[in-house]
Chemist: 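I have a structure I would like to understand better, so I am pasting it below and will then ask my questions one at a time.
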Amino acid sequence: MRGKTGLALLMMLIAAFSTHAITISGTVTSASDNRAIAGAVVSYENLAGTNVFSDTTLAGGGYSLPSIPNTLTTGILIVTASGFVTSRQILTALAPTDTVDVQLTPNAVGTGTKKITGLVTEAGTANAVAGAQLVLFLHTGLVTTTPVDTVLSGADGKYEFDSLSSGRYDIAARKTGYLNNNTATGLNLSVADSITQNIQLTPVGTRVGSLTGKVTAADTAVAVANAKVLLEQTASLGGSVAIDTVDSVFTNANGVYAITGVPEGTGYRLAVSAAGYVSAGSPNLFTVDSAVTRTENFRLAAVIVPSGIVKGVVTDSASLAALAGTEVVLRERAVLSGAWVALDSTTTAANGSFSFAGLGVGTYSLVAERTGYLTYTSPVNEAINLTKNPDTAAVAIALVPVPRGSLFVFVQDSANGAIPGASVSAIQRAAAGQTQQTYNGITLATGWVAFAGIVAGSYDLTISKPGYNTVTRAGQAVIANASDSTRVTLRLATGSAKLVMGTVKTASGSPAAGAVVLLTARAGGGTTLALVDTCGADGAYRITGIPVGYLSVSLAVTLAGYQAQDSAGIAIVNDTTTVNLTLMPNAGVLPSAARSAVELSVAVTKDGILVSGIRTGVPLRITLYSVNGRTVMNRVVENPALSLRIARAWPNQVVFLVVEQGSRIIRQKVIVRQY
């Protein structure tokens, strides 16, 4: 991510270079039914709330927080999810690899009819206490509670929690000037509809302590003036956490701070922040005793803004011409795992140049991709190292054009005569990670078909024509910067035209009268033939006239009110082939208002397929199948527009287009023609 600056990046770098980092992982589930919760946000932060690591749970409810500094063995784990009460718990003495599973409680407030009321008074005087904060906790386990609501006592000291569901509740009450040790526990609304619980708060009086210390720069020991020192108190009730701000001050010119009149209590911590420095906090919670002064000094590390640069130029290895518009991806090597992680991408300018700025100390590599060229990846022994801040590295990338050659195929009969109109398909034997190339052509009147300037490599050829036996030839070589030719002999096929017949029934066993059966025959090399028949009253269909030489067929059956049935890759071996099919009723249709917005239309162009009439706001899945049932493309569009263009990236052949949106499935057969 170009221009990574500030505190967030520094925290990442500190974590990455820690030699013994901590990893927290686990699963988030619902306390009501133990189901996994996807999309929950899990965060772990230090007690000062400044060093935050986050992840979002997947479908199985799992999360992982790696690369946490080994100094952060104590902190707060916070889990939030829509429809659930937020969970907060303090973790201590974390191991290098620790598992913390979390159960979230569904929102209980606002869904019930029960309530808890009461009066907050001052101990010893019975005077009403106004403005006291009361936090309601719901029991979610044997010893665990979760905060579900917060109210303030009124001028008369009264409070009320209403719209509660059944369950066991606790209340924690607090107010500045009073001790934070006032709780009411075990309030059971499972057996009562209403509970009255009065609470007394004890004034602090003279039971107070003081805090003092000095804030300096970590590298120079110079005093840091005007640093903000925040005093907070953490109260834990049954494993849940509530944090109150008690006081805040600023350091003087000598970097000294002082906080007086601190109520006696436990769970205190200090958080320190200053412009230009990384925030810091108390490593552990501490206790304040009466008339005792606690001293805690802080050393703040200066924020180092990464300003490294990786730049370069991309050229053609042969002509040395600049290659504008080339995509360049910057990757960084992870310190712990050694894996390459993509950070940013850009495209080269008109002069072929590119640049990535705002980089920290680390090891980087580049990946450059451009159509018609071999992909470039920085060699392992030529990794890009930024060893200081700032630092600059310049890289020259020469892209090698994809090697190409030409192949000429002559198709002849057994008398060595030219056969025009024969289909020739050349499919490359692609290496791992390489895009497979497929080329199709038709022989001319001379019997020749030319594949000029195709990607060099080894190809499998399929040559066919109706009335002839199909011929395949494996391992035909196409040499870079060379031309080669080959001859193929097709022999007349013997036998009669083929027949495909059968019966179409519904799932209940009734004949599917009126069902339309579309048969697509494939002879090889991309040659196709489409025939159609309509089922009679008995559900029977009969498709004749399939010429000798066609090796396989596909059937697409449609009938109003039923799901379309596709059967691909049916081998034609005998003169008569029987295929029986069953149609399933539609699972459901969209409401009429939505149905009119999902009437799709499909247009085939030389650039691909255009799907229009899409309903916005509903996820859309588009799947393309080849005639033999192979998945050509499978894409999910979460927020589709009204129309979508599918760029052409498959061979010329008959394909099935399946569009799924909401509860409706739409199938269309699309013939991709030779342009």
Side-chain angles (χ1 to χ4, degrees), residues 466 495-524 527-592 594-596 598-602 604 611 613 621-632 653-672:
S496 58
K498 307 298 181 180
L499 165 67
V500 175
M501 59 181 293
T503 303
V504 181
K505 295 184 178 181
T506 65
S508 63
S510 302
V516 177
V517 181
L518 174 65
L519 179 146
T520 304
R522 184 172 186 268
T527 301
T528 57
L529 173 68
L531 301 170
V532 68
D533 191 22
T534 301
C535 294
D538 58 354
Y541 71 92
R542 182 183 180 90
I543 300 177
T544 62
I546 304 172
V548 174
Y550 282 89
L551 306 178
S552 64
V553 299
S554 296
L555 296 176
V557 185
T558 56
L559 180 64
Y562 292 85
Q563 300 178 25
Q565 174 69 48
D566 296 330
S567 296
I570 302 171
I572 299 298
V573 180
N574 302 315
D575 289 342
T576 300
T577 300
T578 301
V579 181
N580 297 321
L581 298 162
T582 301
L583 296 181
M584 303 298 294
N586 283 336
V589 297
L590 296 174
S592 59
R595 186 165 59 248
S596 62
V598 193
E599 295 301 330
L600 302 182
S601 63
V602 177
V604 182
V611 183
R621 178 184 293 275
I622 300 177
T623 310
L624 284 174
Y625 298 96
S626 68
V627 71
N628 59 9
R630 182 174 64 89
T631 301
V632 177
Q653 58 184 346
V654 176
V655 296
F656 299 101
L657 171 65
V658 180
V659 180
E660 301 172 72
Q661 187 172 45
S663 61
R664 188 172 184 185
I665 300 177
I666 300 172
R667 292 180 172 87
Q668 294 197 34
K669 182 175 290 296
V670 180
I671 300 178
V672 181

Chemist: Can you name the nearest heavy-atom pair linking Q563 to P585, along with the distance?
Modeler: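 So the two residues come closest at NE2-O, 3.2 Å.
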
Chemist: Does the D533 side chain pair with the main chain of R542, one donor and one acceptor, at a distance under 3.5 Å?
Modeler: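 The answer is yes, because a donor-acceptor pair under 3.5 Å joins these two groups.
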
Chemist: Identify which one of T577, V579, L519 satisfies the side chain to side chain contact (heavy atoms under 4.5 Å, CB included) criterion when paired with V553.
Modeler: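 Option passing the side chain to side chain contact (heavy atoms under 4.5 Å, CB included) with V553: L519.
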
Chemist: To the closest 0.5 Å, what do you measure between OH (Y541) and CG (L581)?
Modeler: 5.5 Å

Chemist: Please give me the minimum heavy-atom distance between A515 and L583, naming the atom from each residue.
Modeler: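 That closest heavy-atom pairing would be CB-CD1, 4.4 Å.
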
Chemist: What are the two closest heavy atoms between G539 and P511, and how far apart are they?
Modeler: N-CB, 3.7 Å

Chemist: Is there side-chain contact between Y562 and V504, with at least one heavy-atom pair below 4.5 Å?
Modeler: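 Not in contact.
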
Chemist: Rounded to the nearest 0.5 Å, what separates atom CE in M584 from atom OG1 in T506?
Modeler: 9.5 Å

Chemist: Testing the basics here: between T578 and G502, what is the closest heavy-atom pair and its distance to 0.1 Å?
Modeler: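 Distance-wise, the nearest heavy atoms are CG2-CA, 4.3 Å.
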
Chemist: Of all the heavy-atom pairs spanning L559 and A513, show the shortest one and how long it is.
Modeler: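 That closest heavy-atom pairing would be CD1-O, 3.8 Å.
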
Chemist: Strictly distance-based, threshold 3.5 Å: is any side-chain N or O of N580 a donor or acceptor partner for the main-chain N or O of T503?
Modeler: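 Yes, the answer is positive, given that a donor and an acceptor are paired below the 3.5 Å cut-off.
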
